[in-house]
Amino acid sequence: MTFDSIFQIAFFWFFAILGIAGGIGLITQKNPVMAALSLILNFFSIAGLYLSLQAEFLAVIQILVYAGAIMVLFLFVIMLLNMQDEQNQQFDVMKGLAFLLGLGFFGELLFVFNSFMGKSVSGAFPLGKVEPIGMQMMTNYLFPFEMISVVLLAALIGAIIIAKKHSYK
Amino acid sequence: MVLSSGILVLIQVAATFTFIALFTLWAVYAERKVSAWIQDRIGPMEVGPHGAFQTAADILKLILKESIIPAAAQPLLFIAAPIVIFVSVFAGYAALPVGPDIIASSFSVGVLYIIAIIAVDVIGLLSAGWGSSNKYALLGSVRAVAQMISYEIPTALIIIATVMMTGSLNLQVIALRQGIFSDVPVHLWGMMDITHVGGFLSWNIVRYPHLIPAFIIFFISTLAECNRAPFDLPEAESELVSGFHVEYSGYRFAVIFLAEYAKMLLVCLIGAILFFGGWNTPLPNIGSLSLAEWTSGTGTIAATLWGVCWLLLKGVLLILLQMWVRWTYPRLRMDQLTTLCWKYLIPGSILIFFLSGIIRLWEVGGL
C-alpha cells in the first residue's frame, strides 16, 4: 500500500469519528456553549470529508460559512443571552412526535445509504471545484444566483430597519 | 515509500514550526528595540550583545513557570483555546508559497483556504474568554470577535480584488504571474508587454495603480485582525488588564503569544505575495543587464534561496511597518473602530472590487 492510500483511509476514519463525536456532543451536552462548540467540531469534520473527495472549494466554504461565520454568531448570541444549562424535562406529546419524526428520518437515511453500499466514487468529484461552480453560476444558474443576491439584500435592509426602529424609540 | 512520504510531511511541519518559533524570538526582540528607539530609549541590553538573547531568556522563563488553571475556569475550554488559536494560524502556512518550488500544499483554492482557516481563530478567542470565567477576559474576547468579524469583510474583498486581477486562487500562481516566469503575458498599465523585464514593474501594485489604496485598506484591516495597535482594544491594558488572555500563564500564555506573532508574519507574507510579487525579485532586466534573471530562477537551490530571501525581506519590511504604526498611533475608541471599518474601509473596498472587475474586463477585451 502506498502512503497516499493509507493516509486517505486514516484521514477518512479520523474525520468520520470526529464528526460523529461532535454530533453526539451536540445533543448530549447540557451547556449550550459546549453544544455549539461540538457542532463546530462536526462542521469541521464534514469539511475534512469533503477534502477527501477532492471537493476543495466546498470544504473551504464549509469552514468559512458554517464553522467561521454562522457558529461565531451562535456562540455570540448564546454568551450574550447568558443561557442556563438545560434542565431535565418531562416527556410530552411534542417530544414523542419529534422522536417519531427523527426515527423516520433516520430510516430514510439508512435506505439512501444502502443504495450507495459497495459503490465507490472514482477520481475527483467535479462539482466541488471552484471552476465548475463558477461556470454553472454564471451560465445555467444566472437567474437563481441573482435572485439570491436580491433576497439577501432585502434581508439586510430589513435587519437595518428593525434595528433603527428600536433605537429611535 | 510509505515512510519516506510520511517523514517528508513531518519534516515540513517541523521546519515551519521551528521557523515560526525562531521568527517570534526575533520579532519580540525587534519589537522591543523598535519601540525603544521610537521612544528614545535603548531597550533590552543585559542578556547577550545588545540584549539579543533577552527574548530567549523570557521564553525559557515562561516555559518553566507553572501553568495555572483558575478554579472557576471551565478546564476543557481553557486548555483547548490556546491550541485552537495556534493551530488555526499555523494551518494557514500550509498554502503559502515560500519559494518558486516550495509550497506545502499546492491547493487550488489557497487564498480562500487561508481566509477560512484564519477565521477559526475567533472561536479560540471566544472559548478562551468564556472558559476563563473572568469578566475582563470575556469583555476582551467579545471585543476581539466583534473587531475581527467586521474587519474580515474588507480584507476578504481586497484579497478577492487581487485574485481577480491575477486570475487564480492559488497563491503560487499569483506569485508566478508577477515576474519573469509568468505563464501569461505581463502588461504594464494594459499597454507595454513587460513579461521579460520583470522586477518590481510586474508586481500587482505597480501594474495596477488602483491596488495602491487597496493595499492600504488591506494593511489597516490586517492590523485590526491581528489585534495590533492602534486596534488593540481587546487587550487594552489600561481598561481590561490584558483582555482575553488575562488568566493565562506559563507555556499556555507562550502559545497564545506565538500565535499572535505567527499571524502577523502570515498576513505580512500574504500581503507581500498579493501586492509585491511574492518570491519574485524587485530588480528588473535592463537591456543586457539581466538583473532579474541573475537574482531569481526556478528549479535550482540557488534560485530557491533567492526566492525565500526576497519573500522574507518583503515580509519583514511589512512587519517593521506594523511595529512603526504600533508605536506611533494611539489606540482607537470602540465607536471610531466600527466607524472606520463600516463607513470607510468597506465602501472603499467595494469600490476597488468594482474597479478591478471593470479593469479586468477591459484587459481581456470585453469592453
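Here is how names work: the chains are called A, B, and so on, in the same order as the sequence lines, proteins then strands, and each is numbered from 1.
Distance check: B/Leu77 CG to A/Asn31 CG gives 8.0 Å after rounding to the nearest 0.5 Å. Summarising the geometry, atom CG belonging to B/Leu125 is positioned 12.0 Å from atom CG belonging to A/Leu75; distances are rounded to the nearest 0.5 Å.
For a residue to count as touching a neighbouring chain, one of its non-hydrogen atoms must lie under 4.5 Å from one of that chain's; by this rule A/Met34 touches chain B with the side chain only. For chain A, the nearby part of B/Ile149 is the side chain; its heavy atoms alone come within less than 4.5 Å. Contacts between B/Leu76 and chain A at a heavy-atom distance below 4.5 Å involve the side chain alone, from C-beta outward. Only the side chain of B/Gln74 comes within contact range of chain A, with heavy atoms under 4.5 Å apart.
Every pair passing salt bridge (charged side-chain N to carboxylate O under 4.0 Å, His left out) that includes a residue from residues 136-150 of chain B is listed here, sequence neighbours excluded: B/Arg143-B/Glu239.
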Derivation and outcome, side-chain contact (heavy atoms from CB on, under 4.5 Å), residues A/Val60 and B/Ile115: CA-CA 9 Å; A/Val60 167; B/Ile115 297 176; over 6 Å; no
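When each of A/Leu73, A/Ile63, A/Ile40, A/Val33 is checked for heavy-atom pairs under 4.5 Å with chain B, A/Val33 comes out on top. Of all the listed residues (B/Val109, B/Val120, B/Leu169), the one sharing the greatest number of non-hydrogen pairs under 4.5 Å with chain A is B/Val109.
Remark: B/Met334 CE is packed, more than 12 non-hydrogen atoms of other residues, nucleotides or ligands lying under 6.0 Å away. Other residues, nucleotides and ligands contribute over 12 non-hydrogen atoms within 6.0 Å of the CZ atom of A/Phe11.
Taking all atoms of both residues into account, the shortest heavy-atom contact from A/Leu64 to B/Ala116 is CD1-CA, 3.4 Å.
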